[in-house]
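Proteins get letters first, then strands, A, B, ... in listed order; numbering begins at 1 in each.
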There are 2 protein chains.
Amino acid sequence: MECYLDNSATTRAYPEVAALVSDIMLNTYGNPSSMHMKGVEAERIVNKAREDIAGVLKCRPKEILFTSGGTESDNMALIGTAEANKRSGRHIITTKVEHHAILETTEALSKQGYEITYLPVDSKGVICLDALSNALREDTILVSIMHTNNEVGAVQPLEEAGRIIKSYNQKIVFHTDAVQGYGKFRIIPKNLNIDLLSVSAHKIHGPKGVGFLYIKEGTRIKPIIYGGGQQKGMRSGTENVPGIAGMALASNMCYANLSEDMERLYSLREYFISEATKLMGVTLNGSEGRDCAPHIISLSIEGIRAEVLLHALEDKGIYVSSGSACASNRPSLSGTLTAMGVNRNLLDSTLRFSLSVHTTREELDYTLENLGIIIPTLRRYIRH
Amino acid sequence: MECYLDNSATTRAYPEVAALVSDIMLNTYGNPSSMHMKGVEAERIVNKAREDIAGVLKCRPKEILFTSGGTESDNMALIGTAEANKRSGRHIITTKVEHHAILETTEALSKQGYEITYLPVDSKGVICLDALSNALREDTILVSIMHTNNEVGAVQPLEEAGRIIKSYNQKIVFHTDAVQGYGKFRIIPKNLNIDLLSVSAHKIHGPKGVGFLYIKEGTRIKPIIYGGGQQKGMRSGTENVPGIAGMALASNMCYANLSEDMERLYSLREYFISEATKLMGVTLNGSEGRDCAPHIISLSIEGIRAEVLLHALEDKGIYVSSGSACASNRPSLSGTLTAMGVNRNLLDSTLRFSLSVHTTREELDYTLENLGIIIPTLRRYIRH
């Protein structure tokens, strides 16, 4: 049996998406900037994708900027906003549990003279709103708080955060990295006071190499890539027409039956957590309830190195992640788990199981069964 | 009959490339950063692509950095080099006939305090090497000269330029935008003293949204996008595995029979030029010989607005470009033609016909036949 439980790292494309990408590559291959029909056809595809995504976010199509993925979206949100607002101030607020696409970018900005405040989180991985209130300053230009944490699935209180930020100063730009939340939650930027929102297609069964940044009309932000002036000069470069269309289709498919799909995912998550934590020395990081994302389960397994268990599961066709896969080539310990106060000796004993709409109860049973065998076996080896 | 003669704007993907992209999206969908087999399989595909491209450039695989396309490659080459070398100087040399991905980026750099020298070109669109020699200064950190001009096909004397630059100061970084030259010429960066070289996949029948930057080992350059540390920290973001594989396949296919294919293209180009310029008031911009690119033909048609002729040809199923398609949404006149000293009244009467390996003699005959009918007809209308 094959159980791909690493869907927060990346997902298998929907077959319909792969077919669409291939079809556009062969049959609607024009450059949207071309003045002739081949260009117009390609431009129509891009415009339709923009409308589809705007429909999901209940925003205007022109508020959607296509990028090469979540990382570029995050970089543009931070660098583009910092650059455009530096005369108003150089203070940026984010959290300790952001993805590296945020944390490395704020690191780069701090070297350029920006001052960064990193908000702490509680034991469930959720930011403290008082800390946000206290961090706001006259020279704060940007607050970036992720929607859903990629390691434990904690969902941040964006609505309250947005209210706090905007009531302090309407001009502060509010960004959210929604790479793990989009496709799982209905997110309406306007209702949350969100100005910028990053999404990646390959986390929602769309193509790799494409994403978007929602930019609320009127937000002060500058481009970070220059050239032919595509997308009104905000992101130059020939549009990735097949990728953009594939992303929009994946987005539509994710939201077609969202409530039912998420209900099913929550049930699967609750079942898996309740069974897995019956195993000796297995604990959940984050919340088990529905205040958490439906697809991410972080388990610490006392006394066993994550890498060893990961490869033992792999031998059984079960694919999971240790820490955040997007940075798993790095040998560093998880910033999220550390910030949550997880016991030091568990940091290196934590696996992430991440589900998708394709995950079945049978796969989880198979995984639980194998965990039940492998964990005691590994512990026995370690004792000797 | 349908004649797509806008291959310098973008190309139709090879069917094999579209099939490969779709196959990888469905079957090798892992994240190369994942530690398990699904990740390893994806990483292998990326590594194989790197080796394939390195084989073409006769460089090392680790000298290939994957990007989201030619525009990002150009931006990284310029901004990344400027940022990494600003302590050595702030003078950059480029040419007046570069693509907007270069010209808009140098414009942005000039606002940050860099000084830019734009080299002039002769009537064929070729830079004057004396001007390059004279432009070099103690504080010059970067020279960026395109390989093949996108509007008229002029090929720049990179070998001589490289020798001049490096004999002046070994430390000056030499970049070339090879977006129009790659896949048409054998380009060996080492032989040309090139440190950085930009390529886009969708110009060589590969996927949109992917490209690469060759970075000679030891070149001082910084990343422009931060995050998970992929590609040794030089370009964060989950690798676009299907796109990268598709680009490598397209590259291999372009170079499989390069000499024969280019011989055929040169013959077609020469034939088309010789026939088209027999029409009254039709002149070639650039060179007709083999010192020029084999696929780009720029024609000025006296007394007829390019846009009008473009749409008249479109009605016959012939797709061409006015000026550079990557910027054709912009109503500005061509910088390349202006720099070449093309008569002012011809600037707005110029069309680009760009061929591919799929272009046939029949398509060109059909186009010539229609030009022969449409041009006199349009002139008659204009007279009235």
Side-chain angles (χ1 to χ4, degrees), chain A residues 4 6 9-13 15 17-19 21-22 25-26 29-31 33-38 68-72 74-75 99-101 104-105 107-108 202 207-210 224-229 236-243 307 310 314 319-322 325-330, chain B residues 4 6 9-13 15 17-19 21-22 25-26 29-31 33-38 68-72 74-75 99-101 104-105 107-108 202 207-210 224-229 236-243 307 310 314 319-322 325-330:
Chain A
Y4 182 73
D6 202 9
T10 193
T11 57
R12 181 173 192 260
V17 169
V21 166
S22 169
M25 286 177 75
L26 294 174
Y29 56 85
N31 186 322
S33 293
S34 291
M35 287 168 73
H36 50 69
M37 188 48 67
K38 294 276 175 198
S68 69
T71 293
E72 185 191 321
D74 282 345
N75 273 255
H99 188 272
H100 284 283
E104 295 294 319
T105 308
E107 190 59 32
H202 76 96
K208 289 183 173 63
V210 62
I224 59 170
I225 290 180
Y226 308 91
S236 288
T238 299
E239 293 90 340
N240 177 358
V241 185
E307 201 180 326
L310 183 148
E314 182 185 15
Y319 303 106
V320 303
S321 169
S322 68
C326 292
S328 67
N329 279 337
R330 301 177 162 205
Chain B
Y4 183 73
D6 202 9
T10 193
T11 57
R12 182 174 192 259
V17 168
V21 165
S22 169
M25 286 176 75
L26 294 175
Y29 56 86
N31 186 322
S33 293
S34 291
M35 286 168 73
H36 50 68
M37 187 48 66
K38 295 275 175 199
S68 69
T71 293
E72 185 190 324
D74 282 345
N75 273 255
H99 187 273
H100 283 284
E104 294 295 319
T105 309
E107 191 59 30
H202 77 95
K208 288 183 175 63
V210 63
I224 59 170
I225 289 180
Y226 308 91
S236 288
T238 299
E239 293 90 340
N240 177 358
V241 185
E307 201 180 325
L310 182 148
E314 182 185 14
Y319 303 106
V320 303
S321 169
S322 68
C326 292
S328 68
N329 278 338
R330 303 177 162 207

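- Minimum heavy-atom separation, A/Glu72 to B/Ser68: OE1-OG, 4.5 Å.
- Across all non-hydrogen atoms, the minimal contact from B/Ser322 to A/Met35 is OG-SD, 3.6 Å.
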Apply side chain to side chain contact (heavy atoms under 4.5 Å, CB included) to the pair B/Tyr226 and A/Glu107, showing each step before the final yes or no. CA-CA 9 Å; B/Tyr226 308 91; A/Glu107 190 59 32; over 6 Å; no
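- Atom CG of residue B/Asn75 and atom OG of residue A/Ser236 lie 7.5 Å apart, to the nearest 0.5 angstrom.
- When every heavy atom of B/Asp6 is checked against every heavy atom of A/Ser34, the shortest pair comes out as OD2-OG, 3.1 Å.
- Highest contact tally toward chain B, considering only A/Val21, A/Leu26, A/Leu310, is held by A/Leu26 [criterion: heavy-atom pairs under 4.5 Å].
- Neither the backbone nor the side chain of B/Val210 comes within less than 4.5 Å of any heavy atom in chain A.
- How far CG of B/Asn31 is from NE2 of A/His202: 6.0 Å, rounded to the nearest 0.5 Å.
- Residues A/Met25 and B/Val17 form a side-chain contact, since some pair of their non-hydrogen atoms from C-beta on lies under 4.5 Å apart.
- Rounded to the nearest 0.5 angstrom, A/Thr10 OG1 and B/Glu239 CD are separated by 10.5 Å.
- For A/Lys208 (side chain) and B/Tyr29 (main-chain N/O), a donor-acceptor pair under 3.5 Å exists by modelled atom type.
- For a residue to count as touching a neighbouring chain, one of its non-hydrogen atoms must lie under 4.5 Å from one of that chain's; by this rule B/Ile225 touches chain A with backbone and side chain alike.
- Counting heavy-atom pairs closer than 4.5 Å to chain B, the top residue among A/Ala101, A/Gly70, A/Ala19, A/Gly69 is A/Ala101.
- Taking the six-membered ring where the residue is Trp, A/His36 and B/Tyr4 present perpendicular rings, their angle passing 60° and hence far from 30°.
- The contact between A/Pro207 and chain B is made by backbone and side chain atoms together, counting heavy-atom distances below 4.5 Å.
- A distance-only check finds a donor-acceptor pair linking the side chain of A/Glu314 to the backbone of B/Met37 [under 3.5 Å].
- Per-residue counts of heavy-atom pairs under 4.5 Å with chain B were compared for A/Thr11, A/Ile224, A/Asp74; the largest is that of A/Thr11.
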